[in-house]
2 protein chains.
Amino acid sequence: MTERPRASRPRRPAAQTRQAIHDAAHELFSREGFDAVGIRAIAARAGVDAALVVRHFGSKERLFLETMTVDLAAARVMEGPLDGLGRALVEHIVTLPSSRAGEMAVTSLTALFQASDRSEVETALRETIRQAIAEPLVRRLGTEDAEVRAHLVAAQIGGLLTSLHVVHDPVLLAADRGLLTARYGDALQALIDT
Amino acid sequence: MTERPRASRPRRPAAQTRQAIHDAAHELFSREGFDAVGIRAIAARAGVDAALVVRHFGSKERLFLETMTVDLAAARVMEGPLDGLGRALVEHIVTLPSSRAGEMAVTSLTALFQASDRSEVETALRETIRQAIAEPLVRRLGTEDAEVRAHLVAAQIGGLLTSLHVVHDPVLLAADRGLLTARYGDALQALIDT
DNA sequence: GTCTATAGAGCGATAGAC
DNA sequence: GTCTATCGCTCTATAGAC
């Protein structure tokens, strides 16, 4: 249909191709995990050739790391008053999946967890947790053991996230959000208050 | 060297072969994860042929599930007095890797987490958590919301375990055990006391 | 009970024409 | 920038000789 002798296809802008690969990769990696998804499957979903995936992102692992970034958007919550912060954080966590961005953050986090036997992925995961939770909090807690406590807060929040989205604990998934927030939030608060 | 025309090898008892495969599988799966380890590698380490692995265990996934079982040995701790249970549980968790059995439990748990995108593995993981933590505890807590609280306790303990052994949080790994036990244990206790 | 051999498929990555 | 073709390798699982 095109008048040119189709030396190559209708020529999409490179940025658009890159974005299509990016989106396809996020969707497939989120749903099936790193190992179960091949470059060919990503290319097929993006409507491009498999070689382009490598050309644009270098390798499957780099594509994974670039695609599965997590923005927990917890920074805003962290700025709130220290008392009541426990419940506010848990409320934020359980509400995350109701926004599109939050849902993507959660699925990415799950995929990172499951691929964390690759050392680069483990590093990315660790850095994500540090930046999103531990570091903002350690500045709020002036005390001497602030760093350890902040990382324990991160551990506890991670526990809720993995129970919900990795293990899929049916009791917690079915539980009343208010009850969850109150109980787990107060336990978190104990960690914050020392 | 053998006098028989080596139709087949010196004939090891089947149970012994099975055990050798089992041990090799545990070691490799623990260290490298489900996807990174092939049947051939397991067979080589066990000193047997790859076909025997399939013959004895049916499939790689069945071998994985049969091999990576977790005994957290938390039941004994659960029987202790309800007050102080938080710290006792955390103490138990951070001390786990110092025993051989505990270390195997921890490495198995890590491998289960990382392979939990396979639905049978996810089910096994969920069941392990329920049996080891949630169920023993729900019997101790008489209250109405006992089940949710017990599963929140499991989530919080899972958070510590994953932070230490999946994410490898350097702050927590370097932290004083006593401090960890006190802080995280008291937060856990808040969940137990309601 | 153990082995050889192989089916049957998929993989990540590259070379080079266009 | 895009595509075709392919290299070289891995994998799980099975069939059947011994």
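As the structure is a computational prediction, the values presented were derived from the model and not from experiment. So that the names make sense, note that chain A is the first sequence line, chain B the second, and so on, each numbered from 1.
We find that B:Asp186 and B:Arg87 are joined by a salt bridge, their nearest charged nitrogen and carboxylate oxygen being less than 4.0 Å apart. The existence of a salt bridge linking B:Glu66 and B:Arg62 is excluded, since no basic side-chain nitrogen approaches an acidic carboxylate oxygen closer than 4.0 Å. A salt bridge is absent between B:Arg76 and B:Glu79; no separation between the charged side-chain nitrogens and carboxylate oxygens falls under 4.0 Å.
Here the side chain of A:Arg55 is nearest to one of D:dG1, D:dT4, C:dC3, namely D:dG1. Between C:dT14, D:dA13, D:dC3, one nucleotide has an atom nearer to the side chain of A:Val54 than all others, and that is C:dT14. Of all nucleotides listed (C:dA13, C:dT4, C:dT2), C:dT2 comes nearest to the side chain of B:Thr17. Distance from the side chain of A:Arg40 is smallest for C:dC11 among the nucleotides C:dT4, C:dC11, C:dT2. Nearest to the side chain of A:Asp49, among D:dT4, C:dC3, C:dA13, sits D:dT4. In this structure, of C:dA15, C:dA13, D:dT2, it is D:dT2 that holds the atom nearest to the side chain of A:His56.
Classified by interplanar angle (parallel below 30°, tilted 30° to 60°, perpendicular above 60°), the ring pair B:His22/B:Phe57 is tilted.
For A:Arg62 and C:dG12, the CZ to P distance is 15 Å, given to the nearest whole Å. The distance between atom CG of B:Leu52 and atom P of D:dA15, rounded to the nearest whole Å, is 16 Å. Atom pair B:Glu32:CD and D:dC11:P shows a separation of 11 Å (rounding to whole Å applied). Look at NZ on A:Lys60: it is 15 Å from P on C:dT14, rounded to the nearest Å. Residue B:Asp35 contributes atom CG, which lies 13 Å from atom P of C:dC11 at whole-angstrom precision. Rounding to whole angstrom units, CD1 of residue A:Ile42 and C1' of C:dG10 are separated by 14 Å. If you measure from atom CD1 of B:Ile39 to atom P of C:dT6, you get 19 Å, rounded to the nearest angstrom.
Residue contacts shown for B:Val53 are absent, as no nucleic acid heavy atom lies under 4.0 Å away.
Heavy-atom distances to DNA chain D give each of B:Phe34 and A:Ala50 a nearest nucleotide, and the one nearer the 5′ end belongs to A:Ala50.
Two different hydrophobic clusters hold A:Val138 and A:Leu188 under the rule that ILVMFWY side chains link at heavy-atom gaps under 4.5 Å.
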